[in-house]
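FYI, side chains are in, hydrogens and waters are out, and symmetry mates aren't considered; it's all heavy atoms of this structure.
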Amino acid sequence: MSPPLILVNLKTYKEGMGTRAHAIATAAQMVAQESGVTIAIAPSYIDLHPIARHFMIPVYAQHVDGSGPGAHTGQVTAEAIKVAGANGSLVNHSERRLTLADIEASVRALQAQKLVAVICSNNEITSAAAAALVPEYVAIEPPELIGSGISVSKANPEIIERSVAVVRRVNPKVGVLTGAGIQSGECVKIARDLGTDGVLLASSVVKAQEPLLVLRDLVSKL
Ligand code: G3P
């Protein structure tokens, strides 16, 4: 099993923008240094460049388009996020769904820039399709639990188990993350014990009064 990744998506929460994004990144970097666990954050595009420049932790985009540089207006290219300092990107998040062809184009664009691709999926079937595209990670998140405060680790551990199995069957080199409602060290430990390579989460950290305390708890059982 590879070392765990804790990936915190700041989404477009107002509690995850500007100075608050910097405060979360400061806490994430501190806990990563204390614990030795890799903690990455996915800020908005606006905050991506300053955060990537100010902090040592890995920074991800929340979405990337598959188009290359050139005459495309309003697209966010893999080249652009790389120049801004990103290590990789989420692709096909539940809140930013793409077609299969678009997912493939985004993954190929990331890989051409040697950036990490995290394809999000909502069930075992899409996890299998995602794994066939050979990203670095597939992140399984049951949409009904996203932002619910109910942890996938506790409410639906079976989907984690089945997704790990299906991804491993399609390509054992593809890592598996899980997310939705992850909020404590116990949730992370269950996810790890079920065979994942880490977790993808948002609200429990971004909306916390003290993100530092939540982040310390998240790594406490690893
Ligand atoms: O990208 C992470 C996400 O969709 C899970 O959100 O708030 O349930 O941790 P949350």
If hydrophobic clusters are built by linking Ile, Leu, Val, Met, Phe, Trp and Tyr wherever their side-chain heavy atoms come under 4.5 Å apart, do I150 and V199 end up in the same one?
yes
Applying side-chain contact (heavy atoms from CB on, under 4.5 Å) to V76 and not counting sequence neighbours gives Y45, D65, I81
Are L222 and I190 grouped together when hydrophobic residues (ILVMFWY) are joined by side-chain heavy atoms under 4.5 angstrom apart?
yes
Kindly give the heavy-atom pair with the smallest separation between N9 and L200, and that separation in Å.
CB-CD1, 4.3 Å
Applying a strict under-4.5 Å side-chain criterion to I, L, V, M, F, W and Y, I'd like to know whether L201 and I24 cluster together.
yes
Atom CZ of residue position R96 - does it have more than 12 heavy atoms of other residues, nucleotides or ligands inside 6.0 Å?
no
Taking everything shown except L213 itself, do over 12 heavy atoms lie less than 6.0 Å from its CG?
yes
Taking all atoms of both residues into account, what is the closest heavy-atom pair of A130 and V138, and its distance?
CB-CG2, 3.8 Å
Report the residues that fulfil side-chain contact (heavy atoms from CB on, under 4.5 Å) with A27, sequence neighbours left out, ordered by chain and then residue number.
L212, L215
Salt bridge (Lys or Arg N to Asp or Glu O under 4.0 Å) partners of E161, counting only residues at least two apart
none
Enumerate the salt bridge (Lys or Arg N to Asp or Glu O under 4.0 Å) contacts for residues 78-93, please, sequence neighbours excluded, ordered by first and then second residue.
none
Can you confirm whether T77 sits close enough to H72 that some side-chain heavy atom of one is under 4.5 Å from a side-chain heavy atom of the other?
no
Could you tabulate the donor-acceptor pairs under 3.5 Å formed by side-chain atoms of residues 169-179, not counting sequence neighbours?
from	atom 1	to	atom 2	distance (Å)
N171	OD1	K173	N	2.8
T178	OG1	I140	O	3.1

Under the side-chain contact (heavy atoms from CB on, under 4.5 Å) test against P211, which residue among T26, V205, V31, V8 passes?
V205
Give the C-alpha distance, both sets of side-chain angles, the deciding distance and a yes or no for side chain to side chain contact (heavy atoms under 4.5 Å, CB included) between I46 and M17.
CA-CA 9 Å; I46 307 298; M17 290 177 191; over 6 Å; no
Which distance, rounded to the nearest 0.5 Å, do you find between the OG of S163 and the CZ of R168?
11.0 Å
Members other than I146 in its cluster, when Ile, Leu, Val, Met, Phe, Trp, Tyr link by side-chain heavy atoms under 4.5 Å?
none
For I182, is there any backbone N or O sitting under 3.5 Å from a side-chain donor or acceptor partner on S204?
yes
Answer yes if L7 and V164 sit in the same cluster of Ile, Leu, Val, Met, Phe, Trp and Tyr residues linked by side chain heavy atoms under 4.5 Å apart, and no otherwise.
no
When rounded to the nearest 0.5 angstrom, what is the spacing between CD1 in I159 and OG in S153?
12.0 Å
Mind running side chain to side chain contact (heavy atoms under 4.5 Å, CB included) on L100 and L133 for me, showing each step along the way?
CA-CA 10 Å; L100 188 56; L133 298 173; 4.2 Å; yes
Salt bridge (Lys or Arg N to Asp or Glu O under 4.0 Å): which pairs involve residues 101-130, sequence neighbours left out?
E104-R108, E124-R162
At what distance, to the nearest 0.5 angstrom, does CG of N122 lie from OG of S94?
6.0 Å
Output every pair passing salt bridge (Lys or Arg N to Asp or Glu O under 4.0 Å) with a member in residues 206-222, not counting sequence neighbours, ordered by first then second residue.
E34-R216
Salt bridge (Lys or Arg N to Asp or Glu O under 4.0 Å) partners of residues 127-145, not counting sequence neighbours, each pair once:
none
Pair H63-L98, side chain to side chain contact (heavy atoms under 4.5 Å, CB included): steps then yes or no:
CA-CA 10 Å; H63 162 82; L98 301 174; 3.7 Å; yes
Could you tell me whether E158 atom CD has more than 12 heavy atoms of other residues or ligands within 6.0 Å of it?
yes
For S106 versus V91, what's the shortest heavy-atom pair and its separation?
CB-CG1, 3.9 Å
Counterpart residues, side-chain contact (heavy atoms from CB on, under 4.5 Å), relative to A21 (two or more places apart):
L10, D47, I51
What verdict does the side chain to side chain contact (heavy atoms under 4.5 Å, CB included) test give for N156 and I160, after you've listed the backbone C-alpha separation in whole Å, the side-chain angles of each residue and the deciding distance to 0.1 Å?
CA-CA 7 Å; N156 197 350; I160 303 176; over 6 Å; no
If only atom types and distance count, is the side chain of Q183 paired as donor or acceptor with the main-chain N or O of G149 below 3.5 Å?
yes
How close do S220 and G185 get, counting heavy atoms only, and between which atoms?
OG-CA, 4.0 Å
Contacts of N87 meeting side chain to side chain donor-acceptor pair (under 3.5 Å) (sequence neighbours excluded), chain-then-number -> none
Smallest separation among heavy atoms of A191 and T196, with atom names
O-OG1, 2.8 Å
Quick check: is I6 connected to F55 through a chain of hydrophobic side chains (ILVMFWY, heavy atoms under 4.5 Å apart)?
yes
At their closest point, which heavy atom of V219 faces which heavy atom of I39, and how far apart are they?
CG1-CD1, 4.1 Å
Within the side chain of T38, is there an N or O that forms a donor-acceptor pair under 3.5 Å with the backbone of L5?
no
Applying side chain to side chain donor-acceptor pair (under 3.5 Å) to S203 and not counting sequence neighbours gives none
In Å, rounded to the nearest 0.5 Å, how long is the span from OG of S35 to CE of M30?
12.0 Å
Treating Q62 as the side-chain partner and K11 as the backbone partner, does any N or O pair qualify as donor plus acceptor under 3.5 Å?
yes
